[in-house]
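Encoded as structure tokens, the structure appears first; notes follow it.
Computed from a predicted model, the values in this text were never measured in an experiment.
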Amino acid sequence: MNKVLLSILLAGTTLAQAQTTFNDTVSLSSSYKDAVYYKLSDGSQSSVLNTDWHLAFSVQKVHFPKNTLQAVTLRYNGGSNLIVSQKAFNDTAFFTGDTVGYSTFTKLYDSDSDIDTGAFNNGLNISQFDYGWGVYNTTTKNIHGRNIFYIQLASGIKKFRVVDLAFDTIWQVQYANLDNSNLQTVSIPKRPYLGKLFAYLNLETNAVTDREPNAANWDLLFHKYAALDVPGIEVYPSTGVWSNKGVTVAKAYPVDVTSNDYSGFTFSKSLRGIGRDWKDYVAPNWIVADSVSYFVKTKDNAIYKLVFTGFKGSATGNIFFSKTTVQTPTAIGEVSNLKIACYPNPASSTLTVIADNLNNNAIFSLTDISGKQVLFSQLNETGFKAFQFDVSNLANGLYIATLNQNGNKVQQRIVVNK
């Protein structure tokens, strides 16, 4: 083996994986009662009920000083016709709160462009560590709640407050009926949701649920949400697609949708980079916009082109699209000079792994698409080496080969086909 062979294998892997097109379908079920988390690399889907929660609490950690807001975000279920309002800013009178003049209360909405800004963050002033619903206390190291909110559910109106977010570890919240009956105090620790964005609370059943796949395992979220970009309407329930944090989208219009050229189009971090307006209702049918492509860049710098081809509306919630792999992950090849190539791919019995720039402290692993580790090896070698692994006992399917050295990782997708 030599480094020329490694270069050939890396180039061959990229060429083999690029420019492949698949047709796919996501179903939100009738009346859009489901939400679907979608991973572009393998088309895997995680479908969850989208009608069994009311509030979403960030379980991310503070990245100080770069990003503190992501740890204190509080959002609501905009796809459930729920209404959040506030009588007055800095209103702490929880037990005496009432709805006198309710029609004049300020209606609050989640951002549909930034996942880290929710309705309850109204009044946000990050420079003062003021997060709307509460303010950071430099003595206690907690964020203490200081606002009362009114949440209109199908069953009636609840008043709600955050008591505090303790040490960036546990949310403490309270909510009750307007007459203070059915008072609930709920604790939501962040630790059990490691790797997720939010934990979810149902204000009627008091259940706290874990709905999301790990944030590393999805790129797009298909669901019903409250849209703020409908001309002439303050907020409008819409069905569409949001992008995960770290995923960017470039809308290409007007274009020949068979073209994979995204030059000249800008990639945006907005949640609604795809959004809702790839379709329009022309009674009695939904019409999908033509001449529109969406180029989606994932966290590993792979680029996929999505072209929507059909939408069945609330009867089935089915969304049809084609997906083209335009650029494979740039992580295949080099991170801090670490390199990996695997062959043959597909593999049937023996997988050869070629690695370069090893420093006697590398680990090779193979995981299936669910994240289960099926192979692990400590590579006590330096420089440029080749290794062979027996994969004859593995089930046919897609696997992720990972070379990890001192926290630097390179990956390659492997298919086992016997």
Side-chain angles (χ1 to χ4, degrees), residues 35 50-58 69-70 72-125 130-135 143 145-165 171-178 180 182-186 188 197-209 211 223-230 233-238 242 271-272:
N50 201 35
T51 58
D52 63 348
W53 66 279
H54 299 111
L55 303 183
F57 297 81
S58 172
L69 179 58
Q70 71 170 20
V72 298
T73 308
L74 178 51
R75 300 176 67 91
Y76 72 95
N77 189 345
S80 66
N81 300 317
L82 180 150
I83 298 174
V84 177
S85 58
Q86 192 172 48
K87 184 175 184 179
F89 189 73
N90 209 22
D91 178 6
T92 59
F94 182 74
F95 289 101
T96 58
D98 59 54
T99 54
V100 174
Y102 181 71
S103 63
T104 67
F105 288 9
T106 302
K107 301 297 185 292
L108 306 177
Y109 307 113
D110 288 341
S111 170
D112 62 351
S113 60
D114 177 14
I115 194 68
D116 289 333
T117 305
F120 299 86
N121 299 115
N122 177 52
L124 179 70
N125 186 342
D130 182 341
Y131 301 104
W133 58 260
V135 180
I143 301 175
R146 55 84 182 271
N147 271 310
I148 307 307
F149 302 92
Y150 296 86
I151 303 174
Q152 184 173 324
L153 311 175
S155 58
I157 298 175
K158 299 277 188 182
K159 55 184 179 180
F160 168 88
R161 69 172 176 177
V162 178
V163 178
D164 62 28
L165 174 55
W171 291 86
Q172 301 278 358
V173 303
Q174 283 188 324
Y175 50 97
N177 297 330
L178 296 178
N180 297 322
N182 195 26
L183 174 65
Q184 302 291 326
T185 300
V186 177
I188 305 173
L197 300 183
F198 294 94
Y200 298 83
L201 173 65
N202 187 308
L203 295 172
E204 294 174 326
T205 66
N206 311 315
V208 179
T209 55
R211 302 174 61 256
H223 68 146
K224 183 180 179 182
Y225 65 96
L228 304 181
D229 64 336
V230 180
I233 300 177
E234 188 173 24
V235 63
Y236 192 78
S238 300
W242 282 359
L271 269 179
R272 61 171 188 252

Correct closest heavy-atom pair for Asn202 and His54 would be OD1-CE1, 3.2 Å

Please step through side chain to side chain contact (heavy atoms under 4.5 Å, CB included) for the pair Asn77 and Tyr200, ending with a clear verdict. CA-CA 10 Å; Asn77 189 345; Tyr200 298 83; over 6 Å; no

Note to self: Before you tell me yes or no, could you show the steps for Asp229 and Asp112 under side chain to side chain contact (heavy atoms under 4.5 Å, CB included), namely the whole-Å CA-CA distance, both residues' side-chain angles and the distance that decides it to 0.1 Å?
What the structure shows: CA-CA 8 Å; Asp229 64 336; Asp112 62 351; 4.0 Å; yes

query: Is the charged tip of Lys87 near the ring of Phe94: under 6.0 Å from the six-membered ring centre and within 45° of its axis?
result: no

Output for pair (Tyr131 OH, Ile143 CD1), nearest 0.5 Å, gives 5.5 Å

Taking every heavy atom of Leu69 against every heavy atom of Thr73, the minimum-distance pair comes out as O-OG1, 3.0 Å

CD (Gln70) and OG1 (Thr117) are apart, to the nearest 0.5 Å, by 11.5 Å

Quiz item: When you measure from the side chain of Asn147 to the backbone N and O of Gly132, does any donor-acceptor pair fall under 3.5 Å?
Solution: yes

- [ ] Decide side chain to side chain contact (heavy atoms under 4.5 Å, CB included) for Phe120 and Tyr76; before the verdict, give the C-alpha distance in whole Å, the side-chain angles of both, and the deciding distance to 0.1 Å.
- [x] CA-CA 8 Å; Phe120 299 86; Tyr76 72 95; 4.2 Å; yes

Between Ser85 and Lys107 the two heavy atoms that sit nearest each other are CB-CD, 3.9 Å

Review point. Relative to each other, are the rings of Trp171 and Trp133 parallel, tilted or perpendicular (30° and 60° limits)?
Key: tilted

- Should Lys158 and Asn177 count as side-chain neighbours, where that means a heavy-atom distance under 4.5 Å? yes

Residues Lys159 and Thr96: closest non-hydrogen pair is NZ-N, 4.3 Å

Closest heavy-atom pair, Arg75 versus Leu271, reported as atoms and distance to 0.1 Å, is NH2-CD1, 4.3 Å

Output for pair (Ile83 CD1, Tyr102 OH), nearest 0.5 Å, gives 5.5 Å

Do the ring planes of Phe57 and Phe160 sit parallel (below 30°), tilted (30 to 60°) or perpendicular (above 60°)? tilted

Rounded to the nearest 0.5 angstrom, the CG-CG distance for Asn182 and Asn206 is 6.5 Å

In short, Leu74 meets Asn121 closest at the heavy-atom pair N-OD1, 3.6 Å

dist Leu124:CG -> Ser111:OG (nearest 0.5 Å) comes out at 11.0 Å

Q. Okay, side chain of Ser238, backbone of Tyr236: is any donor-acceptor separation there less than 3.5 Å?
A. yes

I'd like to check Leu178 versus Asp98 (side-chain heavy atoms, cut-off strictly below 4.5 Å). Are they in contact? no

May I ask you to test the Arg146-Asp130 pair for a side-chain heavy-atom distance under 4.5 Å? yes

One should read off an interatomic distance between Phe105 CZ and Gln86 CD, to the nearest 0.5 angstrom, of 10.0 Å

Check the orientation of Tyr225 and Trp242. Use parallel for under 30°, tilted for 30 to 60°, and perpendicular for over 60°.
tilted

- Message: Could you go through Gln184 and Val173, starting from their C-alpha distance and side-chain angles, then the distance that decides it, and tell me whether this counts as side chain to side chain contact (heavy atoms under 4.5 Å, CB included)?
- Response: CA-CA 8 Å; Gln184 302 291 326; Val173 303; over 6 Å; no

